[in-house]
Colleague: 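Have a look at this one before I ask anything.
Quick note: numbers below take in every heavy atom, side chains included, and nothing from hydrogens, waters or symmetry partners.
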Amino acid sequence: MSSRAFRVLVWMSAAVCLGLLAAAPASAQIYAIRDENGVLTLSDKPLGEGAQTYAVHGAASTVRATVGAGTGVRGSQWDDVIDHHSREQGVRADLVRAVIQVESAFNPRARSNKGAMGLMQLMPGTARDLGVRNAYDPLENIRGGVTYLRALLDQFNGNEELALAAYNAGAGKVIKYGGTVPPYRETRDYVSRIQGKAGTNLGARSVIYRITELVDGEEVIRYSNQRPPRGTTYEIVSRRRSVE
């Protein structure tokens, strides 16, 4: 949205509020904040630092407008799908939601200038490797994205920070810099934003098991944080501390 269009929207919204609150003192200030999902919030209380100030025509008060950094992750219509695939792959659902929010702001039609597609912004080659036929289908995109995130967690021994860095910059770049977050501002900001929304994997110890089962004569891989029953084929793919 252009700065002019945003000012017009804020002015209109503020005008409505001022009309409804005609008895309020003329010196009252109206604050506006837009989060990463595009939701505009108006309040007579300050909504954060770094705000810009716009004059409201015909009123002594001002409107302060800013784009909020946001904390936490909003729910979405795909929560059940996210929860299902997160359980299947042994990935924190909050982490998946945070990735989606930062990658696409929950827009299933999002496309980057590099060609990344859908909710979890899958690149064409990655989508093909994951068997995702339509990356703009939320069900396919989430399945593929969570599977890919699981593979990166496995590659970097359950380290969420490195897996997120690899999701953004590529696993090769993480390896190139000795198994650390690459020194790219975009990647470091990306990791920080997601961890700020999902929390870091610090807290109660958990173990992720990679379980191999035979289903109709074919090997099926699934992940669980519950120890498999005796006789089950499995391996421990990570021991980590995580916030539940």
Colleague: Ignoring hydrogens and geometry, is there a side-chain-to-backbone donor-acceptor pair from Arg143 to Val81 under 3.5 Å?
Modeller: no
Colleague: Taking all non-hydrogen atoms of both residues, which atom of Leu152 and which atom of Ala171 are closest, and how far apart?
Modeller: CD2-CB, 4.3 Å
Colleague: Please tell me if the side chains of Arg109 and Ser104 come closer than 4.5 Å, counting only heavy atoms from C-beta onward.
Modeller: no
Colleague: Grouping I, L, V, M, F, W and Y whenever their side-chain heavy atoms are under 4.5 Å apart, do Val146 and Val102 come out in a common cluster?
Modeller: yes
Colleague: Run the side-chain contact (heavy atoms from CB on, under 4.5 Å) check on Val96 and Met120 step by step: do they pass?
Modeller: CA-CA 9 Å; Val96 175; Met120 298 190 74; 4.1 Å; yes
Colleague: Minimum heavy-atom separation for Met123 to Lys114, with atom names?
Modeller: CE-O, 3.2 Å
Colleague: Quick one: ring-ring contact (aromatic ring centres under 6.0 Å, His included) pairs with a partner in residues 144-169, sequence neighbours left out?
Modeller: Tyr148-Tyr167
Colleague: If you take all heavy atoms of Ala165 and Val191, which pair is closest and at what distance?
Modeller: N-CG2, 3.7 Å
Colleague: For a 4.5 angstrom cut-off between non-hydrogen side-chain atoms, does Ile175 reach Gln155?
Modeller: yes
Colleague: Applying the 4.5 Å side-chain criterion to the ILVMFWY set and letting contacts propagate, would Met117 and Phe106 be lumped into a single cluster?
Modeller: no
Colleague: Is the backbone of Ala110 close enough, under 3.5 Å, to the side chain of Gln121 for a donor and an acceptor to pair up by distance?
Modeller: yes
Colleague: Working note: Glu103 + Leu119, criterion side-chain contact (heavy atoms from CB on, under 4.5 Å); need CA distance, chi angles, decisive distance, verdict.
Modeller: CA-CA 7 Å; Glu103 288 282 356; Leu119 290 172; over 6 Å; no
Colleague: Where the side chain of Asn141 meets the backbone of Tyr136, is there a donor-acceptor pair that is under 3.5 Å apart?
Modeller: no
Colleague: Of the non-hydrogen atoms in Gly145 and Leu122, which two are nearest, and what is the gap between them?
Modeller: CA-CD2, 3.9 Å
Colleague: So, Gln195 side chain and Ser192 main chain: donor-acceptor pair closer than 3.5 Å or not?
Modeller: no
Colleague: Considering only heavy atoms from C-beta outward, does the side chain of Val181 approach that of Val174 to under 4.5 Å?
Modeller: no
Colleague: Measuring only between side-chain heavy atoms, which start at C-beta, is Thr147 closer than 4.5 Å to His85?
Modeller: no
Colleague: Not counting sequence neighbours, which residues clear salt bridge (Lys or Arg N to Asp or Glu O under 4.0 Å) with Arg133? List them please.
Modeller: none
Colleague: Would you call Arg150 and Asp154 a salt bridge, using N to O less than 4.0 angstrom?
Modeller: yes
Colleague: Between the main-chain N or O of Ile82 and the side-chain N or O of Ser86, is there a donor-acceptor pair closer than 3.5 Å?
Modeller: yes
Colleague: Output yes when a side-chain donor or acceptor of Asn157 lies under 3.5 Å from a complementary backbone atom of Asn159, and no otherwise.
Modeller: no
